[in-house]
Amino acid sequence: QQQVKQSPQSLIVQKGGISIINCAYENTAFDYFPWYQQFPGKGPALLIAIRPDVSEKKEGRFTISFNKSAKQFSLHIMDSQPGDSATYFCAASRMDSSYKLIFGSGTRLLVRP
Amino acid sequence: EAGVTQSPTHLIKTRGQQVTLRCSPISGHTSVYWYQQALGLGLQFLLWYDEGEERNRGNFPPRFSGRQFPNYSSELNVNALELEDSALYLCASSRGTSGGTDTQYFGPGTRLTVL
C-alpha cells in the first residue's frame, strides 16, 4: 500500500513533442505529489508538486494532472527539448510530521533533436 | 546559498568493511534524509533525522545506521559491506517544518562501490 508505481521505465520523444509519464498509488492518505528531475551525476531536484485539492497544476512547459478517483497522477512535458533529457521521479507523501516521501522507480527520458 | 554537500564523492571498499558517508545540509535546514539509489532503481528511503532525532527509518538491515550532529550535519554508517550495497547514496535536507511534504534538496551523492 506504500508503493508508487511509475511508467514507462524509459521514453524517447522527438524535440517539440509531448512527454507523458504516469504514476499510480494505493494509499488514499497521500496528499502531496511531487515530481523530481535528475540529471546524470546530480542529485534529484524538485520540478513541480501538486496537492489533491486541484486536478491540474502547470508551471511553464510542465503540467501535473491528478485523478484522485483513479489514484493516478501524471507529468506532461510540452514542447519537449533535448535539455529535458533526464530521469524523472514521481513521489508521494502525506501531511504527517513523520511520514516519509515515497518515490517511484523513475523514467529515463531522452529527447532527440 | 550553498547547497547540500556530501563527502566523499566516490568510495571503493571490499566486502565486510565498514564505511562512513557524510552530509552537510543547507544552512537553516534541520532535517536530513538518506537514500540509496542502486543502478537502474529508484530512490530507496534509508533514514530521516530531524533536530538530532531519528524520525523514520526505511526497510534496511540494522547494519545501516546514522546520526545527526548538533550542527545538523549527518553521517551514514554501513557495517559489514555486501556487494549489493554498491549504489549512489544521496543525502537531502529540508526545513523540517512540514514533515513528509517538505521540499527536499538533494546533494550530488556518494558513489560507493563494494568489491
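Quick note: numbers below take in every heavy atom, side chains included, and nothing from hydrogens, waters or symmetry partners. Chain letters run A, B, ... following the sequence lines, proteins first, then strands; residues in each count from 1.
Glu53(B) CD: 12 or fewer foreign heavy atoms inside a 6.0 Å radius. The environment of Asn59(B) atom CG is sparse: at most 12 non-hydrogen atoms of other residues, nucleotides or ligands sit within 6.0 angstrom. At most 12 heavy atoms of other shown residues, nucleotides or ligands fall within 6.0 angstrom of atom CD in Gln9(A).
Here the shortest heavy-atom pairing between Gln38(A) and Leu88(B) reads NE2-CD2, 4.3 Å. Closest non-hydrogen pair, Gln37(B) versus Phe89(A), comes out as NE2-CZ, 3.3 Å.
Heavy atoms closer than 4.5 Å to chain A are found in both the backbone and the side chain of Gln104(B). Neither the backbone nor the side chain of Arg108(A) comes within less than 4.5 Å of any heavy atom in chain B. For a residue to count as touching a neighbouring chain, one of its non-hydrogen atoms must lie under 4.5 Å from one of that chain's; by this rule Leu90(B) touches chain A with the side chain only. Looking at Tyr33(B), neither its backbone nor its side chain comes within 4.5 Å of chain A, counting heavy atoms on both sides. The part of Tyr36(A) that comes within reach of chain B is its side chain, from C-beta onward, which places non-hydrogen atoms under 4.5 angstrom from that chain. Contact annotation for Pro44(A): both backbone and side-chain heavy atoms come within less than 4.5 Å of a heavy atom of chain B. For chain A, no part of Tyr105(B) is nearby; none of its heavy atoms comes within less than 4.5 Å.
Atoms OG1 and OH, from Thr103(B) and Tyr32(A) in turn, are 4.0 Å apart once rounded to the nearest 0.5 Å.
At a threshold of 4.5 Å between side-chain heavy atoms, the hydrophobic network of Ile, Leu, Val, Met, Phe, Trp and Tyr places Leu101(A) and Leu47(B) in two separate groups. A single hydrophobic cluster is not seen to contain both Tyr72(B) and Ile26(B); linkage of ILVMFWY side chains at heavy-atom distances under 4.5 Å, directly or through other members, places them apart. Under a hydrophobic-cluster definition in which Ile, Leu, Val, Met, Phe, Trp and Tyr are linked whenever side-chain heavy atoms come within less than 4.5 Å, directly or via other members, Leu39(B) and Leu115(B) are assigned to different clusters. Phe64(B) and Phe103(A) end up in different hydrophobic clusters when Ile, Leu, Val, Met, Phe, Trp and Tyr side chains are linked at under 4.5 Å. In this structure, Phe60(B) is not a member of the same hydrophobic cluster as Phe45(B), with clusters built from ILVMFWY side-chain heavy atoms closer than 4.5 Å.
In terms of heavy-atom pairs under 4.5 Å with chain B, the best-connected choice from Lys100(A), Arg51(A), Lys42(A) is Lys100(A).
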